[in-house]
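See structure below.
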Amino acid sequence: MEQLFTDYTLRTVALGAALLGAVSGALGTFAVLRRQSLLGDAISHAALPGIGLAFLVTGSKLPLVLMVGAALAGWLATALVIVITGASRVKYDSALGLVLSVFFGAGLVILTAIQKMPNAQQAGLEAFLFGQAAALVERDLATMSALGGVALLVAALLWKEFKVLAFDEDFGRSLGLPMRPLDFILTTLLVIAIVTGLQTVGVVLMSAMIVAPAAAARQWTNRLGRMVLIAMGFGIISGVAGAVISTSTARLPTGPTIVLCISGVVVVSILFAPGRGLIVRAIRHQLRSTRFQREAILMDLYQLALQHHRRDHPHAEAALQAMQPGGGKLRSQLKTLAAQGLVRQAGKQQWALTSKGIAACAQLHRDRS
Amino acid sequence: MLAAIEVRDLTVAYRDRPVLWDVDLSVPNGVLMAIVGPNGAGKTTLIKAILNLVTPSAGHVHIFGKPYASIKSIVGYVPQRGSVDWDFPANVLDVVLMGLYGRLGWIRRPGRTERAQAMEALEMAGIRHLAHRQISQLSGGQQQRVFLARALVQDATVYLMDEPFQGVDATTERAIIALLRDLRLGGKTVVAVHHDLQTVPDYFDEVLLLNVRRIACGPVPAVFTQENLGLTYGGRVAFLER
């Protein structure tokens with residue numbers, strides 16, 4: 001832990017990963033809410049040929065040059081998806097798949113061609129496939145924080161416009177807000193978020209950094225503002241954890257390590273989050289169905305008693321069992337009801353309503369009619 | 001007197017298929033008007049074309065004699081309730097506040113004044129107590145009232161509503177129609193897509209019978225006839241004895 005503050009490489013890596021986590025968490029929230037998760041995947045894969053071409057054209061490996069190339073290619077891919085869905089009958093998901101694979105294929109070809117070039121300058125570009133956090137230097141950090149900072153600032157300034165864009169685009173337009181330019185800006189911010197993370201996470205798995213923090217964050221809150229903050233937090237934590245683990249131990253590839261960390265966060269969120277978590281929901285469902293079964297037993301006793309002149313007439317457990325096929329836990333349910341003072345045991349395997357139980361039945365009857 | 005909404009020769013086509021064909025419409029100021037017609041008649045498209053949410057192939061729309069684009073803020077829109085994802089992370093107040101986003105201007109966030117206005121709109125829609133409820137926990141009728149409140153807070157002059165009565169219970173339907181009558185009392189104009197032919201004479205002053213083309217349009221007693229309904233629905237309406 002101390003190393004984090006003294007070791008230059010580790011500090012650079014941690015800062016870079018934190019930046020990437022924050023930016024992709026924030027912009028990913030909007031992408032997920034707008035059902036554009038897969039667009040993120042297409043953009044990041046499409047960035048690969050952009051990186052290769054930027055290097056071929058300029059001969060430079062400056063992070064800003066490569067990122068601009070990546071961003072342009074990412075944007076071109078997005079525009080192509082829009083053109084394809086608009087001009088043909090190809091559906092959105094198919095168009096995404098087409099564009100993603102064509103661009104990624106082109107990227108691999110270009111990268112291979114670059115590697116075969118007879119000069120030593122080209123080394124290192126293949127790190128963009130799975131990311132290489134250890135290779136981050138201060139110059140990269142400067143570029144990343146400038147781009148990421150701008151993206152976060154614009155998102156904050158256009159907060160309410162982006163909110164209505166994500167929830168109800170047509171309504172926003174009816175208010176006179178320029179939804180098409182806003183859509184363009186938000187998609188550009190998404191491209192920036194993705195490009196910012198490519199060097200660390202790599203093009204193959206970058207989309208996980210867009211989708212996963214947001215998907216996990218949604219489990220913990222019902223407000224957009226908090227969702228963005230929580231997604232940023234999750235992004236930062238898993239980015240730093242993954243980058244540090246991958247750099248400090250057996251030279252694991254950074255992208256996959258970070259993605260494993262954020263996946264862990266997603267699994268925990270889906271299972272354990274209060275409110276939306278699966279486990280909480282299962283428990284709540286169980287409690288509810290047991291309560292319903294208890295109420296049903298109570299009503300059964302009431303129905304049976306209606307056939308007698310006394311409402312507290314006792315009845316055999318076997319009769320109740322017959323009225324509750326599949327009600328396996330009859331005895332324990334009756335004991336719970338007795339503990340609540342709603343029924344009393346009147347002899348061996350005989351049960352009767354108490355006056356409190358009769359009142360409860362009348363109330364239930366009113367509630368249900 | 002200047003019509004609240006004046007539509008001339010409006011034609012909308014999706015690919016090669018016309019959805020609306022040469023529609024003329026004149027909505028007098030201060031009336032409740034229903035748009036009725038079978039599925040696929042272009043009712044929603046008409047509303048969206050008036051709001052310029054779909055681009056017409058031909059025709060134009062004027063609101064109080066001016067092009068819609070120049071006076072967007074006086075037109076309120078209540079979209080179909082099913083057009084959005086109600087699992088969006090927001091509460092009722094958040095959604096209603098969106099009605100003020102156009103007026104707020106860039107960068108400014110809604111503050112205390114705006115929240116008070118939103119609460120007032122919620123009061124009018126009869127759901128003030130739901131202000132802090134997560135929107136995924138609303139019933140269909142409550143969702144509809146949230147959308148109405150969001151339009152009310154705009155304080156528009158003309159309201160366009162896409163099926164405000166769709167899938168709501170009887171109580172909500174009565175509350176909504178009372179609300180529409182209040183709006184009319186305040187001099188507002190409301191045009192609503194409506195599905196229940198039985199209630200048209202009770203609820204509305206004017207009616208547009210639409211089936212891609214305009215079949216008839218005008219005051220309900222004059223236009224809402226068995227013959228016109230037959231033309232609109234292709235003779236499949238037999239239940240309406242008048």
*Which portion of B:Val95 sits near chain A, non-hydrogen atoms under 4.5 angstrom*: side chain
*asked:* Could you check whether any side-chain heavy atom of A:Met179 comes within less than 4.5 Å of a side-chain heavy atom of A:Asp170, counting everything from C-beta outward?
replied: no
*For chain B, which residues from residues 216-231 of chain A have at least one heavy atom closer than 4.5 Å to it?*
A:Arg218, A:Asn222, A:Arg223, A:Leu224, A:Met227
_Are the side chains of A:Thr78 and A:Trp75 in contact, using a 4.5 Å heavy-atom criterion?_
yes
_Need one label for A:Arg180: side chain, backbone, both or neither, based on atoms under 4.5 Å from any heavy atom in chain B._
neither
_Contact class of B:Leu160 relative to chain A, heavy atoms under 4.5 angstrom_ = neither
_Pairwise side-chain contact, B:Met119 with B:Leu93, heavy-atom cut-off 4.5 Å (strictly under)_ = yes
*Mind ranking B:Leu97, B:Asp87, B:Leu100 by heavy-atom pairs under 4.5 Å with chain A and telling me who comes out on top?*
B:Asp87
Which side-chain N or O atoms in residues 152-163 of chain A pair as donor and acceptor under 3.5 Å with protein atoms at least two apart or in another chain?
| from | atom 1 | to | atom 2 | distance (Å) |
| --- | --- | --- | --- | --- |
| A:Lys160 | NZ | B:Gly105 | O | 2.6 |
| A:Lys160 | NZ | B:Arg108 | O | 2.9 |

*Taking side chain as C-beta onward, heavy atoms only, is B:Val191 less than 4.5 Å from B:Ile35?*
yes
*asked:* Heavy-atom pairs under 4.5 Å with chain A: which of B:Leu51, B:Leu104, B:Ile107 has the most?
replied: B:Ile107
*Will you find, in the side chains of B:His194 and B:Glu163, an N or O donor that is under 3.5 Å from an N or O acceptor?*
no
*Sequence neighbours left out, what pairs pass ring pair (Phe, Tyr, Trp, His ring centres under 6.0 Å) with at least one residue falling in residues 66-116 of chain B?*
A:Phe167-B:Phe88, B:Trp86-B:Phe147
Identify every side-chain donor-acceptor pair in residues 232-239 of chain A under 3.5 Å, counting partners at least two apart or on other chains, and give the distances.
| from | atom 1 | to | atom 2 | distance (Å) |
| --- | --- | --- | --- | --- |
| A:Ser238 | OG | A:Phe234 | O | 2.4 |

